[in-house]
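Reviewing the structure listed below.
In what follows, chains are A, B, ... by sequence order, proteins preceding strands, each numbered from 1.
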Amino acid sequence: MSSELLSQLPPVAPASGAGSAAWILVALPALGAAVLFLGGRRTDRWGHLLGTATVLLSFVYGVVLFFSALALPGEERVRDLPLYEWFASGSLSVEFGLRLDPLSLTFVLLITGVGSLIHIYSVGYMAHDENRRKFFAMLNLFVASMLVLVLGNGFLTLYLGWEGVGLASYLLIGFYVQRPLAASAAKKAFLMNRVGDVGLALAIFILFAQLGTTQYTEVFARIGELSPGAVTAVALLLLLGACGKSGQFPLQAWLPDAMEGPTPVSALIHAATMVTAGVYLVARSHPIYDLTPTGQLVVTIVGAVTLLIGAIVGCAYDDIKKVLAYSTVSQIGYMMLAVGLGPIGYAAGLAHLLTHGFFKAGLFLGAGSVMHGMADETDMRRFGGLWRHMPITFATFTLGYLALIGFPFLSGFYSKDLIIEAALGGSPVRGWLLGGAALLAAGLTSFYMTRLMLMTFFGPERWRSLTPRSAPWDPSLESEAAPQHPEPGHGSPEHYHPHESPPSMTVPMIVLAIGSVGAGAFLVIGERLGGWLEPSIGPVREVEEAVIPTGLVPGIASVLMLLGAGIAYLTVGRRPVPVERPQRVSLPVRAARADLYANTINEKAIARPGIWLSRALVYVDNRGVDGAVNGTAALLGGASGRARRTQTGFVRSYALTMLGGSLVLVAALLAVALP
Amino acid sequence: MGSQSFSDALGVDYGALAPLLIVLGGACVSVLLEAVLPRVRRRSVQLVFSLAVVVVALAAVIIRATSGAGDVVVLAGSLSVDAPGLFLWGTLLALAVPSVLMLADRSVEPGGVFVADPEALAEAQERVGAGSLRSTSSGLPSGTGTDTHGVVGRRGGAGPEPTTPPEMHTEIFPFVLFALGGMLAFSAANDLLTMFVALEVLSLPLYLLCGLARRRRLLSQEAAVKYFLLGAFASAFFLYGVALLYGYAGSVRLADIAASAAGPLRSDALLFAGLALLVVGLMFKASVGPFHTWTPDVYQGAPTPVTAFMAACTKVAAFGAILRVFTVAFGTTALEWRGVLWAVAIASMVIGTVLGITQTDLKRMVAYSSVAHAGFILIGCLAITPAGLSGTLFYLLAYGFTTIAILGLVSLVRSGDGEAGHLSGYAGLAQRSPVVAAALSFCLLALAGVPLTSGFTAKFAVFSAGLADGMAPLVIVGLVCSAIAAFFYLRVIVLMYFSDPAPDGPTVSLPGPMTTVAITLGVAVTLLLGVLPTAALEWAGAGTFLG
């Protein structure tokens, strides 16, 4: 098995020429982050420009690398650049290095390209934020970590980047520290990501324990030495990591909450790049997944379930960013489904990843532009008729919207069709289930996006006739969009002055809109992307025995798309949209509004037992949890009074705990040792 | 190595013993210095002398380790100087350098962190007036009554200047050297009685040191009493375990216990009951849950430099002894008892992690973090393989330096009357002192096990050793716990960087050269072992225990 696989793997050449300095790609944004973090307030005035410049330079260098790789013959395009041997001692040997191959270079272009646009956009968007320097420092940190993630030549280097992007994402979600919702969203994202990280770490440990290495080259060459069970275990653990990072079922609940972060962050990290790291991981580990049909099947199931969940929940939300977030969940579900299908799907999944990077980033920037003009309002029920007030935003947003729903000949049309065609292959049952899910979600996507368009840009200008919000929004009725601006007058018509955004914001939107229109055709027609990626992910395999003839798929998908849009027009566009959210709704809507009860399940199944466990441990540990030190008086108060109150534990109870532990230990040892 | 001839036992290998002899001899001389020197010169002389002793001993360890002298058992088989033992000695002495520096510092707390309050000041003035030279050896405090022993000198002469804070105890220097000597002997002890004596030698000075804080006297004394009482309790367990094992094997030598276990005549009840009690005593010192109960109170109450010394060095010595006992005495029966200790390791990791989340005082958080880390280290100890041994040794080195750096940094953040231990005091620290905040963040990331810090290398080494030795469940729990624990480390970082400082919040003292050196050393080693760990890993894997 291993020899057969080995023959499929491309030879790995050492990097030379422009590639030998590829570390500059990472070093530039890392330097930017370091200067901005350490420079303090001195860098406030020009920090954002430095941050933008480093990413732009990285992009330029990435383009140079891309063309130098294009000039190479196909079999020499996979190159390794060892940077340094991290440690080598006895059985342990790990090195850090970069892998320059079509897959990683594709991601480099996506990350630095979209990253540059979003840095430029943020210059305008964050212009009035006093923490703009920190924001750019963290964005730079993110870009550097993400580049480490995709450029690493081994799982350990990937893990380094993985932790880095997790950290940056956590910090950026909680960027508005004064908002409690942002803090809790950051916490949630962190915890759910850590669940995934444990899976990834465990997979790496298994590979290391079994093979003694974590370098891609060696791991993929020798993966056949592992027992099938071990391969499947590794594949599933990697998938767990991917699910955490990419917001896939069952770890999807953090991603919509992550929209509490600034909108450029939502566009860059939580739509275009970081959340696709899971897809990258599966595609990068394809030699592992190719060996385990069970692992692949689980990936496809996760993808299919997620794309349905995302699409269904997206239909019920009124918060423009949350709808887009669930749309992201759903679209990454498509990508996951595709890469789970094996060689017939890798290229399709990655093509969708790239086109999605364009149109979703564009949509988020558009949403940010709308918020910018509407005093940071995100509730679509309070929008309406905005198209005439912000024409550029409207035009670019519309192109992104059409690309997302798969309007013929725009980006999403090509890449999504590839995935649906691939999903329809295989055994009939599988083809119908997976392909059916993908088709159904295509219709749903069209519905919720059309609804979003209609509520935001068309219809009467509902924001003109608003009454100020009286009572604070009850978060139990709606988990989204609690009032974030308590200043007086908010919610009244005088508060809103919709206007077009400055050029630093509209230009990136225009560029992304062009990508949304043309990227799909450019990448997919003639299998341009598939051919380019072949050295990394193997040749594209044709779909066999599809349950629906491949030629019919674009037509069916288009019909479903029109159907979804039509239903949206009939239910939303032709009726007045109530400004307050209707509470008497049918059960499915209620379920969708509650995120299909994902949060409830998390709460009941994980959070509660966790709280119980900690309470029980605290109880067993015989002490109140520093209850005395809450007040400032106690904090700053004198020595003795505080001392007595802080150390409430009694020696006798400590001794009792020890005695109990000892007795249990003695009893257990005797019980185990004596037959 | 079960039997050693009598003539071998008589010839003492001074070369092998040199580090231990230097430290213990230095401790005795240090006591004499205390008696002979005039008060004004004691501190500086003691400081230089103690540092010299530690550095010379460290040099002796390095010379021994690089000379290729081979492993020997000395003093009638009571001490074993072998490759892992030398690594432990080197680690202990290397950690002692920043510890001593921090103990002697008086830039952060004027006059030094050790004892002085109004009564002691008044008493001191009387005694200084009487011109008495006090003999220290007769006046060892009994652990609680330190108020009456607050004999202090004055900076720059005998003239009473109420504004100058009184000097601290200089007896702490011999205390530290004695404790260090006990730790060296503890980690090299080749029989259980030597181990017990070493345990007491290292413990008694520590009990005293805990109670000598200048600020928050009651907290400090309460910590000392708790530590002493519980330590005595744990020593009793240890001793009872030794008795049972002697009954089983007819010898207290570690190798003899292993030999008896391999023999035909076995009384498993004695062996395993003895092991359990012995382990309780050892786990107490290493603050492994559920025998950790003293840790948070003592870490919080003791003067911070003492906490650093304990957190780093005691942990190294205790785990050194645990490694040696497990490998030499119980290696052959590991399959039978290992499962039970899995449960202990899991308990320790879970307790440390879950309770760490709920802490609001940074020193207590570090204490619970040390409980969780003790669980991780125990994974390496339970993998009785060369990889497990080298991973554990490396972990101890890495953890020790990181902890010293963290506690050194904690001692700099001060409010009106001492350290601001409460987490709320760290809000916006990055704005007040970017350097301190950056260093503390880096060390916390190391504790969380982020790649390119020593913490990651250490966890990687220990977990992969555990996984290779078939302890997958332990490794999973370890990974989950590190994942959760990262949360409370990160919380501090977020607090420092993203919160606004309270207007009346704590200030950051500018550390003097000694604390600066100590902290820099800790941070540098944390970075070095994360980026270039090869040399340390190789030394840690240089050999195995000699029975």
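Remark: B:Y489 OH is packed, more than 12 non-hydrogen atoms of other residues, nucleotides or ligands lying under 6.0 Å away. No more than 12 heavy atoms of other residues, nucleotides or ligands shown are found within 6.0 angstrom of OH on B:Y240. Heavy atoms of other residues, nucleotides or ligands lying less than 6.0 angstrom from NZ of A:K187 number 12 at most. The local environment of CH2 in B:W342 is crowded, with over 12 non-hydrogen atoms from other residues, nucleotides or ligands closer than 6.0 Å.
Closest heavy-atom contact between A:L670 and B:A269: CD2-O, 3.6 Å. Closest approach of A:G661 to B:P290, counting heavy atoms only: CA-CG, 4.2 Å. Considering every non-hydrogen atom in both B:A234 and A:M658, the closest pair reads CB-CE, 4.0 Å. The nearest pair of heavy atoms linking B:P451 to A:L160 is CB-CD1, 3.2 Å. Here the closest non-hydrogen pair linking A:R194 and B:A486 is NH2-CB, 3.8 Å.
Heavy atoms closer than 4.5 Å to chain A are found nowhere in B:A465, neither backbone nor side chain. In this structure, no portion of B:V435 lies under 4.5 Å from any heavy atom of chain A. For A:L156, the part sitting under 4.5 Å from any heavy atom of chain B is the side chain, from C-beta outward, and nothing else. For a residue to count as touching a neighbouring chain, one of its non-hydrogen atoms must lie under 4.5 Å from one of that chain's; by this rule A:L167 touches chain B with the side chain only. Using a 4.5 Å cut-off between heavy atoms, B:S220 does not touch chain A at all. Both the backbone and the side chain of B:P533 come within contact range of chain A, each with at least one heavy atom under 4.5 Å from a heavy atom of that chain. Residue B:F237 touches chain A through its side chain alone, counting heavy-atom pairs closer than 4.5 Å. In this structure, chain A has a heavy atom under 4.5 Å from the side chain of B:V494, while its backbone stays farther away. In this structure, the portions of A:F205 lying under 4.5 Å from any heavy atom of chain B include both its backbone and its side chain. For B:I357, no part lies near chain A; criterion is any non-hydrogen pair under 4.5 Å.
Heavy-atom pairs under 4.5 Å with chain B were tallied for A:F96, A:F37, A:Y170; the largest tally goes to A:Y170. Note on B:I476, B:L490, B:L532: by heavy-atom pairs under 4.5 Å with chain A, the leading option is B:L490. Chosen from A:L191, A:L171, A:N131, the residue pairing most often with chain B at heavy-atom distances under 4.5 Å is A:L171. Put simply, of B:W337, B:F456, B:W294, B:F284, the one with the most heavy-atom pairs under 4.5 Å next to chain A is B:F456. Chosen from B:V344, B:I484, B:T457, the residue pairing most often with chain A at heavy-atom distances under 4.5 Å is B:T457.
Here the CG atom belonging to B:L479 is positioned 10.0 Å from the CG atom belonging to A:L237, to the nearest 0.5 angstrom.
Side-chain atoms of B:K226 do not come within 3.5 Å of backbone N or O of A:Y654 as any donor-acceptor pair.
A:F208 and B:F460 have their aromatic ring centers within a separation under 6.0 angstrom.
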Report the C-alpha distance between A:L665 and B:F291 in whole Å, list the side-chain angles of each, state the deciding distance to 0.1 Å, and finish with yes or no for side-chain contact (heavy atoms from CB on, under 4.5 Å).
CA-CA 11 Å; A:L665 190 63; B:F291 312 105; 4.2 Å; yes
